[in-house]
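Beneath this line is the structure, given in structure tokens, with notes to follow.
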There are 2 protein chains.
Amino acid sequence: MALGDAILACLTERPMTGYELAKTFDSSIGFFWKADHQQIYRELSKLRDRGYIQGREVVQTGKPNKLIYTLTPEGRTALRHWAARPSTPPSIKDDLLIRLHALDSIDIEPIRTDLMDRLEHHRDRHENYERILKKRFPEGTASDVLDLGNLLLLRLGARHEQMVADFCEEALDALSAMSGKDKGTGTVVPLDDGKREKG
Amino acid sequence: MALGDAILACLTERPMTGYELAKTFDSSIGFFWKADHQQIYRELSKLRDRGYIQGREVVQTGKPNKLIYTLTPEGRTALRHWAARPSTPPSIKDDLLIRLHALDSIDIEPIRTDLMDRLEHHRDRHENYERILKKRFPEGTASDVLDLGNLLLLRLGARHEQMVADFCEEALDALSAMSGKDKGTGTVVPLDDGKREKG
DNA sequence: CCGTTGTTTACCGTAACCGACAAAAGTCGG
DNA sequence: CCGACTTTTGTCGGTTACGGTAAACAACGG
């Protein structure tokens, strides 16, 4: 039940509606944790059933009434209990790694373009993190505990993206060097046989 | 269907039984991708249904008969098709990050011990990667494409663990500096109220 | 009039996770 | 020698998580 706890964590900042939470999960923590609005609404119902959050209905004319969710004391305690448990180190689970593992059985050109796309992607994200860091923490230091958490988060994000970007570059270089060495020895059969999986 | 493709990728090396695959997912790719034997067996059935792999039954006296799975040409093609598609950059999804995001609403001591545990964990894994790297690639270079993939994999793993380990250290330092600053201002209510969630 | 923003909910499918069971042989303790 | 436990090889069922499509329904913009 990690998504539920993520939501509880978000609600410690301020009460929010499901819609706002969904947008939050599209920006700040969303960099680390993806969740679309359906998941969030479902999780909110569960949390409400458990008494961890409380929804205050705000009548709106025109739009459907919105539900502003607030953490209950039980919710706070539950979050603290959860946070007091040891975290489980996640695995990387990047498709790219599987491709690399079977590098000799697949086509290299698509991997190259993929690596280039990924390089760009991770560089963008890295820049984004650095930008936010410079704006929110120009001194590089945090004043209180809440800020410290966010500073650390951003730093981890930045480093992670940097690391992966560097890796992509290195992989591209290595592939170039390699394809210079054994040109034509691999599987160079073209892939476009018309049949594509829909999944 | 990423697990299925991971299995196909493993079977490019050599034909294997479900049991062997499960052990493989406990060591080499298992560093990046976790899957227990039940998941693997079910995925194997699916792959067989689709004609991507073929099981050859080997009668054993004593033990139950084992099924050695081999990639079919269709399986190879499917894998190549899959590998030719762009990969999706995964999100980090580490519980620790959620804890950090709500750092001012939780207890800091458990986080410290957690960070210390994680530091040790990631250092161990880092050493492990470096050990394997030194053993398999003492020159730091790969001879063929298959080796290149594995070399890159190991390097990414090593860097990742290093990065996270560094982060843990930094976080611990920052927490120490912070707790020196605002001692006693946070929530210092003890957590042991006896009630623990079972989940 | 059609598309987008705001807000929430419903249904359905797949993927992943987790715990138990089965069956037969090998190993260890008493 | 009997029982308990582990290894090897699988199967079954349940729950959580994830993802997509879409349906309400009003207002606002072009």
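Each chain gets a letter, A, B and so on, in the order its sequence line appears, and its residues count up from 1. Model, not experiment: these values are computed from the prediction.
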Any B/Lys46 side-chain nitrogen or oxygen under 4.0 Å from OP1 or OP2 of C/dA15: yes
Whole-Å gap separating P (C/dC18) and CG (B/Leu3): 14 Å
Pairs where residues 146-175 of chain A contributes a residue and the test salt bridge (Lys or Arg N to Asp or Glu O under 4.0 Å) is met, not counting sequence neighbours: A/Arg123-A/Glu169, A/Arg125-A/Glu161, A/Arg136-A/Asp147, A/Arg155-B/Glu170, A/Arg159-B/Glu170, A/Glu170-B/Arg155, A/Glu170-B/Arg159
Residue list, salt bridge (Lys or Arg N to Asp or Glu O under 4.0 Å) with B/Glu109, at least two apart or on another chain: B/Arg112
Separation of D/dT11 P from B/Glu43 CD (nearest whole Å): 13 Å
For DNA chain D, the residues among residues 13-23 of chain A that have a non-hydrogen atom under 4.0 Å from it: none
Nearest atoms (heavy-atom pairs only) where B/Leu151 meets B/Ala142: CD2-N, 3.9 Å
Any residue meeting side chain to side chain donor-acceptor pair (under 3.5 Å) with B/Arg42, in chain and number order, not counting sequence neighbours: none
Between D/dG10 (P) and B/Ile7 (CD1): distance, integer Å: 13 Å
Can you list, pair by pair, the side-chain donor-acceptor contacts under 3.5 Å of residues 23-32 of chain A, counting residues two or more places apart and other chains?
| from | atom 1 | to | atom 2 | distance (Å) |
| --- | --- | --- | --- | --- |
| A/Thr24 | OG1 | A/Glu20 | O | 2.9 |
| A/Ser27 | OG | A/Lys23 | O | 3.4 |
| A/Ser27 | OG | A/Thr24 | O | 3.4 |

Spacing between B/Lys66 atom NZ and C/dA24 atom P, to the nearest angstrom: 18 Å
Ring pair (Phe, Tyr, Trp, His ring centres under 6.0 Å) pairs, two or more places apart, involving residues 132-175 of chain A: none
Protein-nucleotides 9-11 of chain C N/O pairs closer than 3.5 Å?
| from | atom 1 | to | atom 2 | distance (Å) |
| --- | --- | --- | --- | --- |
| C/dT9 | O4 | A/His37 | NE2 | 3.2 |

Separation of D/dC12 C1' from B/Gln39 CD (nearest whole Å): 15 Å
Integer-rounded Å distance: C/dC12 P and A/Asp36 CG: 18 Å
Atom-to-atom span, CD1 of A/Ile68 to C1' of C/dT8 - whole angstrom: 14 Å
Listed partners of B/Arg118 passing salt bridge (Lys or Arg N to Asp or Glu O under 4.0 Å), at least two apart: B/Asp94
For A/Asp124, all residues meeting side chain to side chain donor-acceptor pair (under 3.5 Å), sequence neighbours excluded: none
Over all atoms of both residues, closest heavy-atom pair of B/Ile111 and B/Asp107: CG1-O, 3.5 Å
d(CD1, A/Ile98; C1', C/dA15) in whole Å: 14 Å
